[in-house]
There are 2 protein chains.
Amino acid sequence: MKKAKDKNTEEQILSAAKSIFQSKGMDGARMQEIADKAGINKAMLHYYYRSKQLLFEAVFKNAFSLLAPQLNAILNDDSSIEEKVRNFTSNYITFISKHPYLPNFIIQELNRNPEFILNMKDTNGFPNIEKFKKQVAIEIENGLIKPITAEQLFINIMALNIFPFVAKPLIMAFTNTDAIAYKKIMDSRKTEVADFIINSIKNN
Amino acid sequence: MKKAKDKNTEEQILSAAKSIFQSKGMDGARMQEIADKAGINKAMLHYYYRSKQLLFEAVFKNAFSLLAPQLNAILNDDSSIEEKVRNFTSNYITFISKHPYLPNFIIQELNRNPEFILNMKDTNGFPNIEKFKKQVAIEIENGLIKPITAEQLFINIMALNIFPFVAKPLIMAFTNTDAIAYKKIMDSRKTEVADFIINSIKNN
DNA sequence: ACATGGTTTAACCAAGTGGTTAACAAATGT
DNA sequence: ACATTTGTTAACCACTTGGTTAAACCATGT
């Protein structure tokens, strides 16, 4: 069972690397720690991934490939804006509870190295706003929603959904909430955020 | 002029440390790089600040002390919620343009070490939501705004204002905007974000 | 049985890392 | 004038870092 074993090790490495890189970042992560977590020799990391940088890139791309479909649900789905806002808000908050480090990891590493996203831009499935722009224009023309640019609306949707997870420690301190109370607040947001957005843009 | 010279060196160190720590984070920053930027010997860093950790804490507290008053403008000012939202949104975006690394730095380091904010919580001027909670309750009771918890409203205000700077590289990629176009979008937000929030919560 | 190929390991390495030291320079107090 | 304190430097140190190497291991094909 050469191939089975081999595949297993490679996956074990990636899984350990994910865990370490996503919680400590590129600079804070140590190859030795990843090896320990994977239960293998440090040399194996280099055998399978050549360098810290390449291992990191594998982890980053993997993380990004989880986030991208979520955003495409807003940008490329065919339902109405209202439906998309409601679905996304509900789904995203559930999604992130399973991957709590993900948004922070992506944002942090992209700020450390903004050019890095260019590598990813031509992979297919990369979120792009063009289709959403047309939809917003049409719904405004039809009087369904108030005038707003697609960019601003998209930023607002992202901000309201993602930020509470990214800034969790900060918000917890300001609002005097513990982990349990915070979880409840996030749960409420599954519907409240959608209402907040739709309240603001919908014509009545 | 011992004191003058001495003060000058200390400030030079702090200024260099700010620049390095805020762009590279605790883990990515190198003491040698900070010394070089300050134009002094590496040993001086330890002479004035003992350790990397303490120098970092000085930088962090300094950064936090810049951000806190901004948030207190929302939480503790006496004007109406609508006025506060309009003022904050306009002021904050201007403020952050002068300190672009600041929100990211604080958020990133707080996620790396969430207990760290506890040190800061009992310094006076630390943003606290209690007064704001009362104000929200009153304005709801008076029929000025629709029902919403103070926590949710506060999170929404922070999210809409801060997130676009934190996630800048990500948003730029998705919306196909360059630095100049992005700056323009941020400028529009000075009023648009306030309208967006008020539209959503105001009774009419 | 044996050669072959990929897999795994322990030991190693050069280049940094934060931090210290001891000597020197400059200012201050007396 | 001289001793003392404070500021500054170059050289150094122990330790960690990512990465390499050469030898061993082990499943397979012949």
Side-chain angles (χ1 to χ4, degrees), chain A residues 1-63 105 108-109 112-113 116 119, chain B residues 1-63 105 108-109 112-113 116 119:
Chain A
M1 257 146 249
K2 184 174 55 181
K3 267 182 188 164
K5 202 174 184 183
D6 145 25
K7 192 101 191 181
N8 195 28
T9 306
E10 192 167 342
E11 271 170 21
Q12 208 119 9
I13 291 175
L14 196 65
S15 159
K18 252 190 247 183
S19 156
I20 302 291
F21 274 131
Q22 291 190 11
S23 62
K24 308 204 167 181
M26 169 69 167
D27 293 330
R30 298 288 159 243
M31 294 297 268
Q32 186 61 58
E33 199 178 357
I34 295 173
D36 290 348
K37 183 143 213 165
I40 50 135
N41 190 287
K42 185 164 64 90
M44 294 295 280
L45 301 180
H46 294 95
Y47 180 75
Y48 282 101
Y49 291 92
R50 296 267 317 257
S51 70
K52 187 185 185 186
Q53 179 65 25
L54 286 173
L55 177 54
F56 171 79
E57 285 177 19
V59 169
F60 187 89
K61 281 172 185 166
N62 183 291
F105 171 66
Q108 178 186 134
E109 298 303 328
R112 205 179 50 88
N113 184 6
F116 196 69
N119 300 350
Chain B
M1 256 146 254
K2 183 175 53 176
K3 269 182 189 167
K5 202 174 187 183
D6 147 25
K7 193 103 191 177
N8 195 28
T9 306
E10 192 167 344
E11 271 170 20
Q12 208 119 8
I13 292 175
L14 196 66
S15 159
K18 252 190 247 183
S19 155
I20 303 291
F21 274 129
Q22 293 191 7
S23 62
K24 307 203 168 181
M26 170 67 167
D27 293 331
R30 297 290 157 240
M31 293 297 267
Q32 187 60 60
E33 199 179 356
I34 295 172
D36 291 348
K37 183 143 210 164
I40 50 133
N41 189 287
K42 184 163 65 87
M44 293 297 280
L45 300 180
H46 295 94
Y47 181 77
Y48 281 102
Y49 291 90
R50 296 264 319 256
S51 68
K52 187 186 183 184
Q53 180 63 28
L54 287 173
L55 177 54
F56 171 79
E57 285 176 20
V59 169
F60 187 88
K61 282 174 184 164
N62 183 291
F105 171 66
Q108 178 186 135
E109 298 303 329
R112 204 178 52 88
N113 183 7
F116 195 69
N119 299 351

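Listed for the A:K24 side chain is no donor-acceptor partner under 3.5 Å among the backbone atoms of A:R30.
B:M26 is listed as a side-chain neighbour of B:Q53, based on a closest heavy-atom distance under 4.5 Å. Inter-residue side-chain proximity for B:N41 and B:Y47 is flagged as unmet; no heavy-atom pair is nearer than 4.5 Å. Considering only heavy atoms from C-beta on, B:F21 comes within 4.5 Å of B:L55 through its side chain.
Per the geometry, CD belonging to B:E10 stands 11 Å off P belonging to D:dT8, to the nearest Å. Rounded to whole angstrom, the span from the CD atom of B:Q12 across to the P atom of D:dT8 amounts to 10 Å. Counting to the nearest Å, the C1' atom of C:dT8 and the OH atom of A:Y48 are 9 Å from each other. Whole-Å rounding puts the B:K52 NZ to C:dG16 P distance at 16 Å.
In this structure, A:T9 does not reach the C:dT7 phosphate: none of its side-chain N or O atoms is under 4.0 Å from OP1 or OP2.
Here A:F105 pairs with A:F56, A:F60 under the ring-ring contact (aromatic ring centres under 6.0 Å, His included) rule; sequence neighbours left out.
Taking a 4.0 Å limit (strictly below) on heavy-atom distances, residues 19-47 of chain B reaches DNA chain C at B:A29, B:R30, B:M31, B:K42, B:A43, B:H46.
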Inset, instruction - Step by step, work out the side-chain hydrogen bond (donor to acceptor under 3.5 Å, both in side chains) result for B:Q32 and B:D36. - result: CA-CA 6 Å; B:Q32 187 60 60; B:D36 291 348; 2.9 Å; yes
